[in-house]
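Take a look at the structure set out below.
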Amino acid sequence: MSAVIVETPRSQGPVGVETAVLDIVENALRNARFEMDAVVLRTAMSPGIREQHDAFPLIADRHGRMVAGQFGSFIDGFLSGYDGTVEEGDVFFTSDPYACEGAISHANDWLVLLPIYFEGSLVGWAAMFGHMSDVGGKVPGSLPTDAVSIHEEGVIVPPVKLLRGGTLDQQLLDTILNQVRLPSWNRADLNAVLASCRTAETRVRELCDRFGVDTYLSTLDLLLERNRQAMAKLFRQVVPEQPVTFEDFVDDDGRGQGPFRIRCTLWRDGDRVVLDFTGTSEQAEGSINFLLNENVLRMFFGVYTIMAVDPMILFNDGFYPLVDVRIPEGSLLKPRRPAAVSCRTHALGRLFDVLAGLLGQCQPEFLAAAGFSSSPHLMYSGLDRSGTWFQLYQIGFGGVPARPVGDGFDGHSMWPSFTNVPNEYLEAYYPLRIEAYESVPDSGGAGLHRGGNGIRVGYRFLEPGEVSIHDDRWFTKPWGVLGGEPGERGTKILERSDDSRQVVPAKCDRLAVRPGDLLHFVTWGGGGWGDPLERDPELVRHDVERGLVTAEGARRYGVVLTGGAVDLDGTRALRARLAAGRGELPRFNRGGTLEELAAGCLTETGLAAPRDPSRGPRSQEPSAGPPAVLTGVRPTAAQAGPGGGRPAGSTARPEPAAQSPLEVFVHHIARQLTGR
């Protein structure tokens with residue numbers, strides 16, 4: 001099954017192209033790609049696309065190879081799943097990842113694909129997909145953590161013609177929008193995506209008219225070939241023939257099972273690079289599976305290599321034939337239909353950590369630590385006082401890993417183009433108040449170069465509703481490298497209006513919240529790079545001054561501060577003592593083995609360790625809620641009632657002799673917010 005291209009045959013073929021024309025066309029396409037982004041940002045309605053830029057453009061040649069864009073080409077996967085004709089004026093649409101070989105990876109991504117014709121001949125493609133805030137399904141936001149089938153995750157649209165010969169199929173669109181909770185948002189976002197593709201179509205036609213079709217198409221061939229040659233040379237420099245292996249983990253599947261291994265072996269055979277994922281865990285019962293399109297993985301690998309080694313190389317799909325991707329069927333990265341895939345973001349993001357570990361072993365001078373390799377989601381929905389439905393979808397930010405060239409960024413997105421939703425926007429359009437938006441001191445791993453800090457957002461809910469949370473790195477730690485320490489894990493704590501506090505699972509749905517409840521949404525930091533005892537003490541002092549590191553945290557760097565200044569004698573003595581008490585610094589510091597992390601999980605995180613998925617599927621539905629009650633928290637004098645140290649009417653419970661690190665952290669947050 002594949003699409004049939006209907007076009008007027010062209011009589012000419014490749015022609016010579018002047019260097020000036022090559023540069024003009026290349027930059028014109030790059031500008032058109034950014035113009036596509038601008039159109040979407042000015043016409044979309046949902047905060048995920050309009051405010052956070054969760055949409056990805058593409059301009060491709062007539063064969064579907066990306067010449068400008070962000071997420072690599074997915075057109076081959078799309079066309080392989082469409083059994084019909086492609087004609088001028090058609091616009092295609094899909095939200096079914098299984099029908100397009102993972103061209104999109106979950107039903108929330110709505111993909112629009114527009115063939116570009118000039119004088120009756122196909123000259124290229126424009127495409128964009130954007131994350132819709134809701135596509136129906138069993139929970140608001142359409143990302144159910146407890147789903148075991150894609151059929152629970154919302155409306156699934158196979159590859160179809162949304163416009164046929166320029167005419168909209170209104171009944172089809174109405175049927176699709178009838179399945180979602182906020183059809184006005186989806187309609188606006190879909191129109192925005194379509195308008196962006198129209199913009200690219202206009203710019204490509206202008207280039208064909210200016211230079212001629214044969215010159216335009218020949219220019220694209222040259223751009224792709226130039227990229228292939230540059231990448232072949234780069235691969236020979238940085239990828240060894242001897243296989244290198246690395247692995248990392250997705251903590252759990254939202255159903256109590258985990259962690260799930262992503263294992264990859266990298267080697268080079270001549271000019272051809274091989275990425276073999278043999279050893280990756282089998283597909284999950286829950287919705288963390290990632291249907292990984294091979295071209296998307298090629299794009300990830302190529303972009304990472306370019307950015308780490310030679311950012312001057314211009315990125316397109318020309319190098320794809322040089323990368324051989326092998327993913328086992330039925331694995332976490334190649335699940336079989338109808339496996340649930342809505343929460344695939346964590347596996348997607350963890351691939352970047354795996355690639356960092358692989359390439360860093362090949363070229364130690366480019367080794368970076370693990371960082372904020374996910375896009376955690378918060379959904380808050382319900383009816384406000386007027387009876388109007390509200391629904392928030394927001395992506396959280398965290399710590400970028402430390403790098404050979406410097407510290408990681410604090411509170412940044414995994415995707416460089418993403419931006420945060422302004423707090424003023426959230427408070428204006430949703431019944432909540434943002435009481436904190438701040439860096440979490442010491443959450444970045446210590447090192448010669450410090451890992452970026454995670455952030456804490458304090459959401460005060462003003463109306464009753466339900467919350468969904470999708471996050472990771474609550475069990476495993478973002479590893480440090482070359483002696484750098486791992487970053488701190490993320491955590492979610494719900495402080496109820498009755499002063500009780502609960503640890504919330506990193507993946508949960510249907511969490512009921514009441515007016516006055518406060519959610520502390522804390523993300524993880526990036527790992528550190530290099531020996532922390534070699535960091536300039538003045539840099540540590542400056543970090544403390546800026547609130548990025550605490551005075552106690554400075555001692556991880558062997559730095560003693562007195563009165564806000566570096567105590568040089570104390571620092572020398574502390575560093576000598578710390579250096580004498582440690583062994584050889586590891587290349588990768590994960591903060592312990594999986595067994596060690598599991599043994600300390602409940603004490604350190606307030607949550608039970610996930611269950612080994614190799615033991616087979618669970619026999620019952622998970623208990624995503626209610627969250628675990630944070631026991632052992634002593635009431636303050638303001639909370640204590642006549643019962644002598646506990647609120648009036650409360651039930652007495654034994655208190656432990658010492659508090660866990662998580663409990664100490666909760667008290668720290670509570671003191672900051674309440675002064676108690």
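Only this structure's heavy atoms are used, side chains among them; waters, hydrogens and symmetry mates stay out.
- One N or O on the side chain of Asn316 and one on the backbone of Leu223 form a donor-acceptor pair closer than 3.5 Å.
- Asp251 and Lys477 are not joined by a salt bridge, as no carboxylate oxygen comes within less than 4.0 angstrom of a charged side-chain nitrogen.
- A donor-acceptor contact shorter than 3.5 Å is absent between the side chain of Gln283 and the backbone of Asn289.
- Under the 30°/60° scheme for interplanar angles, the aromatic rings of Phe588 and Trp479 are found to stand perpendicular.
- Seen from the ring of Phe409, Arg403 counts as a face-on cation partner, given the 6.0 Å and 45° thresholds.
- For the atom pair CD1 (Ile104) and CG (Asn293), the distance works out to 11.0 Å, reported to the nearest 0.5 Å.
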Could you check Glu88 against Glu7 for side-chain contact (heavy atoms from CB on, under 4.5 Å), going step by step and ending with a plain yes or no?
-> CA-CA 8 Å; Glu88 187 167 4; Glu7 63 176 329; over 6 Å; no

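- Using a 4.0 Å cut-off between a side-chain N of Lys or Arg and a carboxylate O of Asp or Glu, Lys507 and Asp252 qualify as a salt bridge.
- The number of heavy atoms from other shown groups lying within 6.0 Å of CD (Glu18) does not exceed 12.
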Verdict with supporting geometry, Arg226 and Glu26, salt bridge (charged side-chain N to carboxylate O under 4.0 Å, His left out) = CA-CA 12 Å; Arg226 185 171 66 179; Glu26 180 179 61; 2.6 Å; yes

Quick one: do Arg65 and Asp221 satisfy salt bridge (charged side-chain N to carboxylate O under 4.0 Å, His left out)? Show the steps, please.
-> CA-CA 10 Å; Arg65 298 174 297 182; Asp221 289 340; 3.2 Å; yes

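- Once rounded to the nearest 0.5 Å, the distance linking CD of Glu119 with OG1 of Thr8 reads 9.5 Å.
- Side-chain contact check for Ile150 versus Ile156: some heavy-atom pair is nearer than 4.5 Å.
- In this structure, the side chain of Ser287 does not engage the main chain of Ser342 through any donor-acceptor pair within 3.5 Å.
- Judged by distance alone, with hydrogens and angles left aside, the side-chain atoms of Ser331 form no donor-acceptor pair with the main-chain N or O of Ile327 at under 3.5 Å.
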Step by step, would you call Asn589 with Leu482 a side-chain contact (heavy atoms from CB on, under 4.5 Å)?
-> CA-CA 8 Å; Asn589 184 349; Leu482 304 178; over 6 Å; no

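- Within the 4.5 Å cutoff, no side-chain heavy atoms of Ser373 are placed close to those of Leu351.
- By the 4.0 Å N-to-carboxylate-O rule, Arg33 lies close enough to Asp37 to be salt-bridged with it.
- Using bins of under 30°, 30° to 60° and over 60° for the plane-to-plane angle, the ring pair Trp529/His449 lands in the parallel bin.
- Looking only at atom types and distance, the side chain of Thr265 has no donor-acceptor partner in the side chain of Asp276 under 3.5 Å away.
- The shortest distance between side-chain heavy atoms of Leu194 and Leu163 falls below 4.5 Å.
- To the nearest 0.5 Å, the span separating CZ on Phe93 from CG on Leu114 amounts to 14.5 Å.
- Side-chain contact check for Ser121 and Arg10: no donor-acceptor pair (N or O, by modelled atom type) lies under 3.5 Å.
- Considering CG of Asn420 and NE2 of His412, their distance stands at 10.0 Å, rounded to 0.5 Å.
- Side-chain atoms of Asp54 never come within 3.5 Å of backbone atoms of Gly48 as a donor-acceptor pair (strictly under, hydrogens ignored).
- The distance from the OG1 atom of Thr305 to the CG atom of Leu355 is 7.5 Å, given to the nearest 0.5 Å.
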Evaluation steps, side-chain contact (heavy atoms from CB on, under 4.5 Å), between Phe260 and Asp248 = CA-CA 8 Å; Phe260 290 81; Asp248 209 337; over 6 Å; no

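- Counting heavy atoms from C-beta outward, Cys264 and Phe246 have side chains that stay 4.5 Å or more apart.
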Applying ring pair (Phe, Tyr, Trp, His ring centres under 6.0 Å), run through Phe129 and Trp110 and close with a yes or a no.
-> CA-CA 5 Å; Phe129 68 87; Trp110 282 14; over 10 Å; no

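- A distance of 5.5 Å separates CG in Leu207 from CG in Leu29, rounded to the nearest 0.5 Å.
- Side-chain atoms of Leu291 and Tyr98, non-hydrogen and from C-beta on, do get closer than 4.5 Å to each other.
- Side-chain contact between Met128 and Val112 is absent, with no heavy atoms from C-beta onward closer than 4.5 Å.
- In this structure, Arg272 and Leu322 have side chains that are not in contact, with every pair of non-hydrogen atoms separated by 4.5 Å or more.
- Ion pairing of Arg236 with Glu241 is absent here, as no side-chain N (NZ or NE/NH1/NH2) approaches a carboxylate O to less than 4.0 Å.
- Comment: Asp324 does not engage Arg298 in a salt bridge, judged by the lack of any side-chain N to carboxylate O separation of less than 4.0 angstrom.
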Start with the C-alpha distance between Leu217 and Arg62, add both sets of side-chain angles, then the distance that settles side-chain contact (heavy atoms from CB on, under 4.5 Å), and finish with yes or no.
-> CA-CA 8 Å; Leu217 295 178; Arg62 59 177 278 109; 4.2 Å; yes

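- Here salt bridge (charged side-chain N to carboxylate O under 4.0 Å, His left out) pairs that include residues 332-347, with residues two or more places apart or in two chains, are Asp96-Arg337, Asp109-Arg344, Glu294-Lys334.
- Ring geometry, Phe301 versus Phe235: the interplanar angle falls from 30° to 60°, so the pair is classed tilted.
- Glu87 contributes no side-chain N or O that, together with a main-chain N or O of Val6, makes up a donor-acceptor pair within less than 3.5 Å.
- A ring-centre distance under 6.0 Å is not found for Phe211 and Tyr216.
- Between the Asp61 side chain and the Gly64 main chain, a donor and an acceptor come within less than 3.5 Å of each other.
- At least one side-chain heavy atom of Val86 sits under 4.5 Å from a side-chain heavy atom of Trp125.
- Using cut-offs of 30° and 60° on the angle between ring planes, the pair Tyr82 and Phe92 is perpendicular.
- Side-chain atoms of Asp472 do not come within 3.5 Å of backbone N or O of His346 as any donor-acceptor pair.
- With Arg268 contributing its side chain and Val239 its backbone, the two residues share a donor-acceptor pair below 3.5 Å.
- A donor-acceptor pair is defined here as one N or O able to donate and one able to accept, closer than 3.5 Å; no such pair exists between the side chain of Thr280 and the backbone of Ile262.
- Aromatic ring pairs are classed by plane angle as parallel below 30°, tilted from 30° to 60° and perpendicular above 60°; the pair Phe352 and Phe300 is tilted.
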